[in-house]
Amino acid sequence: MDGMSSIVLGVSGGVAAYKAAFVLRAFTERGHHVRVVPTPGALHFVGAATFEALSGNPVTTDVWSDVPEVAHVRIGQDADLVVVAPATADLLARAAMGRADDLLTATLLTASCPVVFVPAMHTEMWLHPATQENVATLRRRGSVVLPPAVGRLTGPDSGPGRLPEPADIAALAMVVLEHGAAALAPDLTGRRVVISAGGTREPLDPVRYLGNRSSGKQGWALARVAAARGAEVVLVAANVDLPAPFGVRTVPVGSADELRAAVLAEAADSDVVVMAAAVADFRPATVAGSKLKKGSAAEPDSVALVRNPDVLAELVTKRGPGQLVVGFAAETGDDDADVLTHARAKLARKGCDLLVVNDVSGGRVFGRADNAAVVLAADGSATELPEGSKDAVAAGIWDVVGPRLP
Ligand code: CTP
């Protein structure tokens, strides 16, 4: 997003409060003005000086400081976005009750902008009916309440309750800033989603491969946004060196054959399969068992290629009832036809339900932070997703997928 927005970062009193400092940095690095409003409990974990130094703004927790400024009203009124990270069980309860017993809850009552709660707590507290009802109440009123990530909690415990990584929180918050709370609606709750991402590598010998320029970032964004919208996500990752988004389960693969096996196995009981990976169409016909040396008898003067299986087409033939299969197409226009004409033909050829079309004329998209796409559907409809972050494009893709799920 261009331009500077005013973000309130609320921090409540859980041990994950230390991660709020990194969320704050991610916001200021994007050029936004950030006002941190901790609860008194949060300051047991991170000192006010840390938040003041990183935000360049004063930090108070109560409504009795800066009285002439009427801070408890102004801060909420002036905000373009409020993010509460971490949101403890107690904070969620007080917000759901509409209390105003500290500066953060007062701010929540005066903010008319989108609000994102990022819960972090022990699994028992998260699953308790009281917390679940508070979450439902806040969502019904239009706030985003992200599901907690699954993973290591404080001490030896592990389960849902972990604060997602600051980079994930920041990326998702930016989607809400640009597109509003609806972009992270919990509409994929209970759905199982399989996403392939990255680019396959087809070995020539033990050290060399044929590869492609896919960075995996669009698949990562799809996984991050799907998890934020409540889905259980499996990410089949072909050669992507990025941390798992939102703590989702990743299955690392190398070649197209490995990707095919992993995707077909994971797809069996899933609601949606998204083939965002750049799968090599060809692989070397033979793979040398030892490194090909120059000048040796084995030095090749050409590489013979054979076709790889088309995973997307196979998914279509094997798809279960109600299962949605989504393909990607990186297309360029040529003398015969424009990008969308080629893409419509590909959609028909592959037989998938949706095809996300990227125009890659002139080297666009690969490795870049931003993207733009058109989602073509088998029923003939086309949804244009304007240029935006890959997370924003991901949210647009899930907007098309969500209503098509049975
Ligand atoms: N794909 C696949 N298996 C392959 C090749 C591609 O599953 N062996 C999937 C990709 O993940 C993507 C879609 O198919 O979702 C489109 O890939 P693309 O390579 O553009 O399609 P092709 O059928 O190879 O089209 P073209 O005729 O342009 O080569």
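The shown structure was predicted, so the numbers you read here are calculated from the model rather than taken from an experiment. Both counts, for ligands and for their atoms, begin at 1 and track the order of listing.
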Do any N or O atoms from the side chain of His128 and from the backbone of Ala130 form a donor-acceptor pair under 3.5 angstrom?
yes

Quick one: does Phe117's side chain get under 4.5 Å of Leu91's, heavy atoms only?
yes

Give a yes or no answer on whether the side chain of Asp334 reaches the backbone of Ala337 with a donor-acceptor pair at less than 3.5 Å.
yes

Considering only non-hydrogen protein atoms, determine which one is nearest to atom 20 (O) of ligand 1 and report residue, atom name and distance to 0.1 Å.
Lys346 NZ, 2.6 Å

Atom 5 (C) of ligand 1 has as its nearest protein heavy atom Asp281 OD1, 3.2 Å

Is Arg35 salt-bridged to Glu69, going by a charged N under 4.0 Å from an acidic O?
yes

Looking only at protein heavy atoms, identify the closest one to atom 22 (P) of ligand 1 and say how far it is in Å.
Lys350 NZ, 3.7 Å

When you measure from atom 9 (C) of ligand 1 to every protein heavy atom, which one gives the shortest distance, and what is it?
Leu312 CB, 3.9 Å

Judged by non-hydrogen atoms, does Arg260 sit under 4.0 Å from ligand 1?
no

For the residue pair Asp62 / His72, report whether a side-chain donor-acceptor contact shorter than 3.5 Å exists.
no

Close approach of Cys352 to ligand 1, heavy atoms, under 4.0 angstrom
no

Between the side chains of Arg249 and Glu232, is the shortest nitrogen-to-carboxylate-oxygen separation below 4.0 Å, so that they form an ion pair?
no

Residue Met275 vicinity, atoms of ligand 1 by number, heavy atom under 4.0 Å:
7 (O), 11 (O), 12 (C), 15 (O)

Hey, is Ala276 touching ligand 1 through its side chain, its backbone, both or neither, going by heavy atoms under 4.0 Å?
neither

Could you tell me whether a side-chain N or O of Arg224 sits under 3.5 Å from a main-chain N or O of Val248, the two making a donor and an acceptor?
no

For Glu384, does the CD atom sit with more than 12 other heavy atoms under 6.0 Å from it, leaving out its own atoms?
no

Of the protein's non-hydrogen atoms, which lies at the shortest distance from atom 12 (C) of ligand 1, and what is that distance?
Phe328 O, 2.9 Å

Subset of ligand 1 atoms that lie under 4.0 Å from at least one heavy atom of Gly327
15 (O)

Any salt bridge linking Asp205 with Arg208? Criterion: basic side-chain nitrogen under 4.0 Å from a carboxylate oxygen.
yes

Which ligand 1 atoms does Arg349 reach within 4.0 Å, using its non-hydrogen atoms?
25 (O), 27 (O)

In this structure, atom 8 (N) of ligand 1 is nearest to the protein heavy atom Pro309 O, 2.9 Å

Starting from atom 3 (N) of ligand 1, what is the nearest protein heavy atom, named by residue and atom, and what distance separates them?
Val311 N, 3.0 Å

Check whether any heavy atom of Ala277 sits under 4.0 Å from an atom of ligand 1.
yes

Please check if the side chain of Arg140 supplies one atom and the backbone of Ser143 the other of a donor-acceptor pair under 3.5 Å.
no

List every atom of ligand 1 that sits less than 4.0 Å from any heavy atom of Asp310, numbering the atoms from 1 in the order shown and giving each element.
2 (C), 3 (N), 4 (C), 7 (O), 8 (N)

